[in-house]
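Just so we're on the same page: letters track the sequence lines, and every chain starts at 1. The shown structure was predicted, so the numbers you read here are calculated from the model rather than taken from an experiment.
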2 protein chains.
Amino acid sequence: MAEAAWDEDLCTMLDVLDRISGKWAVSILLRTSSGPVRFTELERSLRGISRRMLTLNLRNLERDGLIVRTVYPTVPPKVEYTATEMARELYGSLAGLTSWAVRHRDTVAAAREAYDQRRHIDVPP
Amino acid sequence: MAEAAWDEDLCTMLDVLDRISGKWAVSILLRTSSGPVRFTELERSLRGISRRMLTLNLRNLERDGLIVRTVYPTVPPKVEYTATEMARELYGSLAGLTSWAVRHRDTVAAAREAYDQRRHIDVPP
DNA sequence: CGGAATCCGCTCGGATACTG
DNA sequence: CAGTATCCGAGCGGATTCCG
């Protein structure tokens, strides 16, 4: 039975990968993991993100239950975003990936350089 | 010092995420992890992939040193792809992600459904 | 067999302007 | 303040064709 389930689990994992890929999702999760953060605060925190992309990412993460959106009906409006426990767990399981990335950073860089040089030989024009 | 390094490590990890995101990269790594695989074999294995995308993915993975490309100068030509040890390690550290995905699969699905229903109330074209 | 080249639609993502 | 709406370019990804 452990045999027939592995590609279903693979699919499930690929879904997660898709969910957290994209330039900003992980950074948003990280920033909201340590407590409620307001929209504008996030916008400044993640330097370079556009309003549109911030909104889209927040909506997607909220939809998947990874962050909670809290609206305070004040004037001016105040909205806070907080990562859920589930999201913090997810962030934790990304540690393995970080570890791999750091350990092999140099090897990957070297492989790239070598590959590019090989390719540059036959493309002079 | 552990303070100043965290966002550099985050960047490194985000690079890896980008590298393995996309529809096919992980599946290719998995398929080539258990031994050399030929191009056409891969093409059949990953049902749905186009020639173009397979080639592009293979090139990128090769460039980063995650797979090795071996050409046998025979007629007809024979080319084999094999995941490197580094790649198998990477695949291993994805296990944490898989575990998370499986554990929270239902919760995420429920969150989505709830979110969508909330949204469908006020959008009856 | 193992690609490379071309075409083409779609989505991602940035910039800007407008609203409650 | 916290969005929504709109426009636009760039790149992903599929289908097909051509080549050694």
Side-chain angles (χ1 to χ4, degrees), chain A residues 14-15 17-28 31-32 36-64 67-82 115 118-125, chain B residues 14-15 17-29 31-32 36-64 67-82 115 118-123 125:
Chain A
L14 290 178
D15 278 2
L17 256 189
D18 258 30
R19 191 170 296 128
I20 62 175
S21 67
K23 261 165 106 170
W24 307 106
V26 172
S27 302
I28 293 177
R31 186 66 179 80
T32 54
V37 189
R38 300 185 60 172
F39 186 89
T40 310
E41 213 172 334
L42 267 174
E43 196 177 6
R44 276 193 308 261
S45 233
L46 292 72
R47 289 216 179 249
I49 196 174
S50 65
R51 269 204 165 80
R52 190 178 113 91
M53 277 305 107
L54 180 54
T55 304
L56 282 181
N57 274 282
L58 288 172
R59 292 291 170 274
N60 288 332
L61 294 172
E62 186 194 357
R63 188 170 108 101
D64 289 340
I67 57 174
V68 176
R69 178 174 183 264
T70 313
V71 182
Y72 299 92
T74 60
V75 182
K78 177 179 172 184
V79 181
E80 283 181 345
Y81 295 91
T82 316
Y115 180 90
R118 264 179 281 153
R119 286 273 130 188
H120 281 343
I121 303 171
D122 38 321
V123 192
Chain B
L14 289 178
D15 278 1
L17 256 188
D18 257 30
R19 191 171 297 127
I20 63 175
S21 68
K23 262 165 105 170
W24 307 105
V26 172
S27 301
I28 294 177
L29 287 182
R31 185 67 180 78
T32 54
V37 189
R38 299 185 59 172
F39 186 89
T40 311
E41 211 173 335
L42 268 173
E43 194 177 8
R44 276 193 308 262
S45 231
L46 292 71
R47 290 220 177 246
I49 195 172
S50 64
R51 266 195 165 72
R52 187 177 116 89
M53 277 304 106
L54 180 54
T55 303
L56 282 179
N57 273 282
L58 288 171
R59 292 290 168 276
N60 287 333
L61 294 173
E62 187 195 356
R63 187 169 109 101
D64 290 340
I67 58 174
V68 175
R69 179 174 181 264
T70 313
V71 182
Y72 299 91
T74 59
V75 182
K78 177 179 170 183
V79 181
E80 283 181 346
Y81 295 91
T82 315
Y115 180 91
R118 264 179 282 154
R119 286 273 130 189
H120 281 344
I121 303 170
D122 38 322
V123 192

Taken to the nearest whole Å, CG/A/Asn60 to P/C/dT11 is 14 Å
Rounded to the nearest Å, what distance is computed from the NZ atom of residue A/Lys78 to the C1' atom of nucleotide C/dG20? 19 Å
With nearest nucleotide decided by heavy atoms, which residue, A/Glu80 or A/Arg52, maps closer to the 5′ end of DNA chain D? A/Glu80
Looking at C/dC1, I'd like to know if its phosphate oxygens (OP1 or OP2) sit under 4.0 Å from a side-chain N or O belonging to B/Arg38. no
Could you tell me how far apart A/Asn57 (CG) and C/dT11 (P) are, to the nearest whole angstrom? 17 Å
Give A/Tyr72 one of three labels, base, sugar-phosphate or nothing, depending on what nucleic acid heavy atoms sit under 4.0 Å from its own. nothing
Nearest to side-chain heavy atoms of B/Arg69, which nucleotide of D/dC1, C/dG2, D/dT4: C/dG2
Within the 4.0 Å heavy-atom criterion, would you say A/Thr55 contacts the bases, only the backbone, or no part of the nucleic acid? base
Can you name the nearest heavy-atom pair linking B/Ile28 to B/Leu54, along with the distance? CD1-CD1, 3.9 Å
Remember a base hit wins even if backbone is also touched, and classify B/Arg51 as base, sugar-phosphate or nothing at under 4.0 Å, heavy atoms. base
If you look at every heavy atom in A/Ser27 and B/Leu14, which pair is closest and at what distance? OG-CD1, 3.9 Å
Taking every non-hydrogen atom, the tightest pair across B/Arg47 and B/Trp24: O-CH2, 4.0 Å
Take atom CD1 of B/Ile49 and atom C1' of D/dG14, then tell me their distance rounded to the nearest Å. 11 Å
Whole-Å distance between C/dC10 P and B/Lys23 NZ? 14 Å
Nearest-Å distance for atom pair CZ/P, residues A/Phe39 and D/dC1: 11 Å
Would you say C/dC1 has OP1 or OP2 under 4.0 Å from some side-chain N or O of B/Tyr81? no
Can you check the B/Met53 CE to C/dC7 P distance for me, whole Å? 16 Å
So, does A/Thr40 get its side chain near the phosphate of D/dA2, meaning an N or O under 4.0 Å from OP1 or OP2? yes
Take atom CH2 of A/Trp24 and atom C1' of C/dG14, then tell me their distance rounded to the nearest Å. 10 Å
Ignoring hydrogens and geometry beyond distance, is a side-chain donor-acceptor pair present between A/Tyr72 and A/Glu80 at under 3.5 Å? yes
Can you check whether A/Leu42's main-chain N or O pairs, donor with acceptor, with A/Ser45's side chain at less than 3.5 Å? no
